[in-house]
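Take a look at the structure below.
For the single chain, residues carry numbers from 1 onward in sequence order. Note that these values count all heavy atoms, side chains included, but never hydrogens, waters or copies made by symmetry.
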Amino acid sequence: MSNSDGHERTEPGEARVERSLDRIVEEGEPRLHRGWPALVATGALGGLDVATGVLALLAVLAATGDHLVAGLAFSIGLIALLLGHSELFTEGFLVPVTVLAAGKSRMLDLLRLWGGTLVANLAGGWVFTWLIITAFPELSGQAVESARHYIDLGINLRSFCLAVLGGGVITLMTRMQHGTESIPARIVAAIGAGFLLAGLQLNHSILDSLLIFSGFHTGHAPFGYLDWLGWLGWAVLGNVVGGIGLVTLLRLVRTRHQLQEKRAESD
């Protein structure tokens, strides 16, 4: 569309998308080039932040037995993640992949971010969930019950679809948060994502691993670390398909012209 002077006019919605893309690339490029100490520390803090949501989730479930209300309580962890500027493995789909598509990083940088953040998230969460069960032994029964739900899902089409939805929801949260500069709006996005992830018991590789760790720490879990590793691989695969395939790739298609311009700037 052009005005009477012959200049191209950008629709307001498209202008917001362009600004969002600029924010994503500006924020994501330093994330992909962090040194190992900063990467590991940021990932460990992400595990701790999500574990605060796990504490709230277990407490509310033990008191009410209502997963939907507990999902709202869990959103505390996603709000902490947002305001604390830590890193979650499944948040590493939209932003870093967009930076890669813009020609601002290499595939090796992306794989290093994913691997380092995943391990650091799990390590930080393992420690914090041990503290939770040690400090609140009355939550042990709920921890085992919640953890067993995910292990019992098994490796099948249903559990994979739950993981695809889990990856899609967390990446949608990231997309919404980068679509606005309003902190209250970003918090609303975190609450909505927390409600869906935990309230509907979607398969999420980090959140649900921390619930499973909580079950391990009770000493009464009817499953072991090998069971968890099999579940984790399946959940990660589904999360990646949902986060990249359902959300990120569509966003890249929508902003392909802007990404081409950014790649040209990098050449």
Side-chain angles (χ1 to χ4, degrees), residues 46-84 86 88-91 121-122 124-154 158-159 161-170 172-173 187-225 227-228 231-232 234-236 238-239 242:
L48 296 177
D49 289 342
V50 173
T52 63
V54 169
L55 173 57
L57 172 70
L58 291 175
V60 171
L61 273 178
T64 68
D66 191 321
H67 286 280
L68 297 179
V69 176
L72 291 175
F74 166 73
S75 63
I76 291 170
L78 297 183
I79 293 171
L81 193 73
L82 167 69
L83 300 182
S86 50
L88 188 64
F89 164 66
T90 48
E91 281 190 307
N121 284 166
L122 295 172
W126 190 95
V127 171
F128 201 92
T129 51
W130 178 84
L131 291 171
I132 289 172
I133 297 303
T134 304
F136 298 98
E138 65 272 20
L139 296 178
S140 293
Q142 183 61 60
V144 172
E145 180 183 339
S146 296
R148 187 169 185 169
H149 167 79
Y150 295 99
I151 297 295
D152 286 350
L153 281 174
R158 180 183 178 227
S159 60
C161 290
L162 287 169
V164 170
L165 289 171
V169 164
I170 199 73
L172 176 61
M173 179 192 78
I187 290 173
V188 168
I191 294 171
F195 174 78
L196 292 174
L197 284 171
L200 298 183
Q201 295 180 286
L202 302 182
N203 255 358
H204 185 272
S205 51
I206 304 302
L207 159 61
D208 303 331
S209 285
L210 301 197
L211 285 170
I212 293 169
F213 291 165
S214 300
F216 288 151
H217 295 319
T218 68
H220 303 296
F223 46 81
Y225 281 93
D227 299 309
W228 164 69
W231 170 88
L232 177 66
W234 194 238
V236 166
N239 288 170

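Between the side chains of Thr90 and Asn239, no donor-acceptor pair is found at a separation under 3.5 Å.
Leu153 places a side-chain heavy atom less than 4.5 Å from the side chain of Arg158. Residues Leu68 and Leu200 have side chains in contact (heavy-atom distance under 4.5 Å, counting atoms from C-beta outward). At a threshold of 4.5 Å between non-hydrogen side-chain atoms, the residues Leu122 and Leu232 count as touching. Contact of the Leu55 side chain with the Leu139 side chain is registered, since non-hydrogen atoms from C-beta on lie closer than 4.5 Å. In this structure, the side chains of Leu88 and Asn121 come closer than 4.5 Å at one or more pairs of heavy atoms. Looking only at side-chain heavy atoms (C-beta outward), Leu61 and Glu145 stay at 4.5 Å or farther from each other.
When each of Thr52, Leu210, Val54 is paired with Phe128, the side-chain contact (heavy atoms from CB on, under 4.5 Å) condition holds for Thr52 and for no other.
Here the closest non-hydrogen pair linking Asp49 and Ala80 is OD2-O, 3.5 Å. Taking every heavy atom of both residues into account, Ser214 and Ala143 meet most closely at CB-CB, 3.8 Å. For the residue pair Leu81 and Gly46, the shortest heavy atom distance occurs at CD1-CA, 3.7 Å. Across all non-hydrogen atoms, the minimal contact from Ala56 to Ala73 is CB-O, 3.5 Å. Shortest non-hydrogen contact noted between Phe213 and Gly125 is CD1-C, 4.3 Å. Looking at every heavy atom in both residues, Ser146 comes nearest to Leu58 through OG-CD2, 4.0 Å.
In summary, the aromatic rings of Trp126 and Phe216 are positioned with their centroids too far apart to meet the 6.0 Å limit.
Taking CZ of Phe74 as the reference point, atom CD1 of Ile79 lies at 10.5 Å (rounded to 0.5 Å). Of the inter-residue distances, the one linking Leu197 atom CG with Ile206 atom CD1 reads 12.0 Å to the nearest 0.5 angstrom. Going from atom CD of Gln201 over to atom CG of Leu165 covers 13.5 Å, rounded to the nearest 0.5 Å. Considering CG of Leu78 and CD1 of Ile187, their distance stands at 11.5 Å, rounded to 0.5 Å. With values rounded to the nearest 0.5 angstrom, Leu196 atom CG is found 11.0 Å from Ser75 atom OG. Remark: Ile191 CD1 to Leu82 CG distance equals 10.5 Å, nearest 0.5 Å.
A perpendicular orientation is assigned to the rings of Trp228 and Tyr225, their planes being inclined by more than 60° (bins at 30° and 60°).
For Asp208, the side-chain contact (heavy atoms from CB on, under 4.5 Å) partners at least two apart in sequence or on another chain are Tyr150, Asn203, His204, Leu211, Trp231.
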(request) Check the pair Val236, Phe89 against side chain to side chain contact (heavy atoms under 4.5 Å, CB included), reporting the backbone distance first and the verdict last. (result) CA-CA 10 Å; Val236 166; Phe89 164 66; 4.0 Å; yes
